[in-house]
Amino acid sequence: MSHEAQQSHEDPANKYPKPPFPKKPQEVPGTESAMDPQADHGEQSYRGKGRLIGKAAIITGGDSGIGKAVAIAFAREGADVLISYLDDVEDRDAEDTIKYIEEAGRKGVQVKGDISSEKHCQKIIETAVKEFGKIDILVNNAAYQMSRDTLQDIPAWEWEKTFAVNIHSMFYLCKAAEPHMPPGSSIINTTSVNAYEPNPTLLPYAATKAAIQNFTANLSQILLEQGKGIRVNAVAPGPIWTPLIPSTIPDHEHFGENTPFERPGQPVEVAPAYVFLASEEANYISGATLPVTGGRITI
Ligand code: NAD
Ligand code: MG
């Protein structure tokens, strides 16, 4: 997409593919190459405006989906970026993200492993400090979900795993990162429209996303009242076309139809919210959640 096209008067509802999509289920965690249609992470379209020059960022789940689009945007805004991701099958996605970070002239670092372990979270932070000397932006974005039709279908291990990956990791990462974050830093947590309107097939996931909202608001109070100068905010995406979807939602052919736009968002459409919250333009914003939902209401 050209710069001119970005400024066009096109109806946003028609800007990206609409369902129905082909049924192409994937195994968790899913990969970008098996997505049909392919997702847009701003590879061709995102243009930085120097909003994050000299910053050092960590993005969990930065290999694919929303995290990948945020990584590309941050790098083009001038930030060095460490991406964390889970699995060997995502190596190609991670390497592709690193390629875009480096093409933007920034340093890209990848760390693979399970963030439900506090030790691994500490390793992520130590690696960032070793590579960058500081942490200005921490994006807690990785998550697990699985669709289940009934309460009885949810194994206890999956309940516990969902909380461990989605919310315990935020505590571990924020705690380990805080001593390395100078005033003016920013933490951004990915919640979901599910925090407001829980999907009945995603009971544990939706509960973690509500917990993330409360954690975000409260950590903001703690860090600002203690004079740390670290802002804490959240982004609440609506349905976004990422590997999470074909790997965890059986009827993904119709994904995103439940928005006024009648389509899912693309990762590139979510990334600017993270750029804004990380930048000095959001200097007076903390404890907030920014919805990026294609018009789904979150009041
Ligand atoms: P995605 O699959 O591209 O990204 C999620 C990433 O999390 C994966 O790439 C994986 O590497 C990482 N991950 C999963 N489990 C992990 C673990 N145990 N340890 C380390 N890393 C792990 O999907 P996405 O949709 O871009 O998801 C990013 C965030 O957006 C998540 O928090 C998700 O809940 C949120 N979100 C997504 C949607 C949507 O419709 N796609 C909607 C609302 C919120
Ligand atoms: Mg991935």
Side-chain angles (χ1 to χ4, degrees), residues 49 51-52 55-62 65-74 77-79 81-84 115 121 124-125 128 134-143 166-178 180-197 206 208-238 240 265 267-294 296-299:
K49 298 191 177 78
R51 290 185 181 97
L52 303 176
K55 302 285 188 192
I58 295 173
I59 305 169
T60 63
I66 295 167
K68 183 187 192 82
V70 175
I72 292 171
F74 277 13
E77 296 289 356
V81 184
L82 180 153
I83 59 167
S84 113
I115 57 167
C121 290
I124 291 171
I125 300 303
K134 59 169 183 172
I135 300 162
D136 299 297
I137 308 163
L138 171 61
V139 178
N140 288 304
N141 169 73
N166 297 10
I167 179 84
H168 297 178
S169 67
M170 278 191 194
F171 164 68
Y172 303 145
L173 285 161
C174 290
K175 185 176 173 190
E178 189 217 296
H180 307 284
M181 299 186 83
S185 296
S186 161
I187 296 171
I188 306 168
N189 302 323
T190 304
T191 172
S192 167
V193 68
N194 273 282
Y196 303 89
E197 216 184 322
T208 67
K209 293 298 177 178
I212 289 166
Q213 302 264 82
N214 193 281
F215 175 85
T216 299
N218 207 356
L219 187 62
S220 167
Q221 297 187 107
I222 293 166
L223 297 183
L224 294 187
E225 283 169 13
Q226 291 181 355
K228 303 277 181 187
I230 305 171
R231 297 178 298 103
V232 189
N233 292 291
V235 175
I240 308 299
V268 65
E269 297 180 284
V270 193
Y274 293 80
V275 172
F276 171 62
L277 290 172
S279 76
E280 277 178 33
E281 290 162 28
N283 195 48
Y284 202 60
I285 301 178
S286 193
T289 300
L290 181 46
V292 185
T293 60
R296 286 270 295 274
I297 295 306
T298 55
I299 55 172

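Just so you know, these numbers use all the heavy atoms, side chains as well, and skip hydrogens, waters and symmetry mates.
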From Ser286 OG over to Gln221 CD, what is the distance, rounded to the nearest 0.5 angstrom? 9.5 Å
Quick check: does any side chain N or O of Asn233 sit under 3.5 Å from a backbone N or O of Thr289, one acting as donor and the other as acceptor? no
Any side-chain heavy atom of Leu290 within less than 4.5 Å of one from Phe276? yes
Nearest 0.5 Å, please: how far is CG in Asn194 from CD in Gln213? 10.5 Å
Between CE of Met170 and CG of Asn189, what distance do you get to the nearest 0.5 Å? 4.0 Å
So do Glu178 and Lys228 actually touch side chain to side chain, heavy atoms under 4.5 Å? yes
Rounded to the nearest 0.5 Å, what separates atom CG in Asn141 from atom OG1 in Thr190? 3.5 Å
For Lys134, is the NZ atom crowded, meaning more than 12 foreign heavy atoms sit under 6.0 Å from it? yes
Is there a donor-acceptor pair closer than 3.5 Å between any side-chain N or O of Ser220 and the backbone N or O of Gly287? yes
Go through the steps to decide whether Glu280 and Asn283 satisfy the test side-chain hydrogen bond (donor to acceptor under 3.5 Å, both in side chains), and finish with yes or no. CA-CA 5 Å; Glu280 277 178 33; Asn283 195 48; over 6 Å; no
If I compare all heavy atoms of Ile188 with all of Ser186, which pair ends up nearest, and what's the gap? CG1-OG, 3.7 Å
Non-hydrogen side-chain atoms of Ile187 and Cys174 separated by less than 4.5 Å: yes
Heavy-atom closest pair (Ile230 atom, Leu223 atom, distance to 0.1 Å) is O-CB, 3.8 Å
Just by distance, with hydrogens left out, do Asn140 and Thr60 show a side-chain donor and acceptor under 3.5 Å apart? no
Between Lys209 and Ser192, what is the shortest heavy-atom contact and its length? CG-CB, 3.7 Å
Can you name the one residue among Ile222, Leu219, Leu277 that meets side-chain contact (heavy atoms from CB on, under 4.5 Å) with Val232? Leu219
Do the side chain of Thr216 and the main chain of Ile212 share a donor and acceptor less than 3.5 angstrom apart? yes
Closest heavy-atom contact between Thr191 and Pro237? O-CD, 3.2 Å
Between Ile58 and Ala128, what is the shortest heavy-atom contact and its length? CD1-CB, 3.6 Å
Would you confirm whether Arg231, through its side chain, and Ala282, through its main-chain N or O, come within 3.5 Å as a donor-acceptor pair? yes
Does Ile137 form a side-chain contact (heavy atoms from CB on, under 4.5 Å) with Leu52? I'd like the steps, not just the answer. CA-CA 10 Å; Ile137 308 163; Leu52 303 176; 4.2 Å; yes
Test side-chain contact (heavy atoms from CB on, under 4.5 Å) on Tyr172 and Ile115; report intermediate values, then the result. CA-CA 9 Å; Tyr172 303 145; Ile115 57 167; over 6 Å; no
Of all the heavy-atom pairs spanning Ile135 and Ala177, show the shortest one and how long it is. CD1-CB, 4.2 Å
Nearest-0.5 Å distance, OH of residue Tyr274 to OG of residue Ser279: 14.5 Å
Looking at Glu77 and Lys49, is any side-chain nitrogen of the basic one under 4.0 Å from a carboxylate oxygen of the acidic one? no
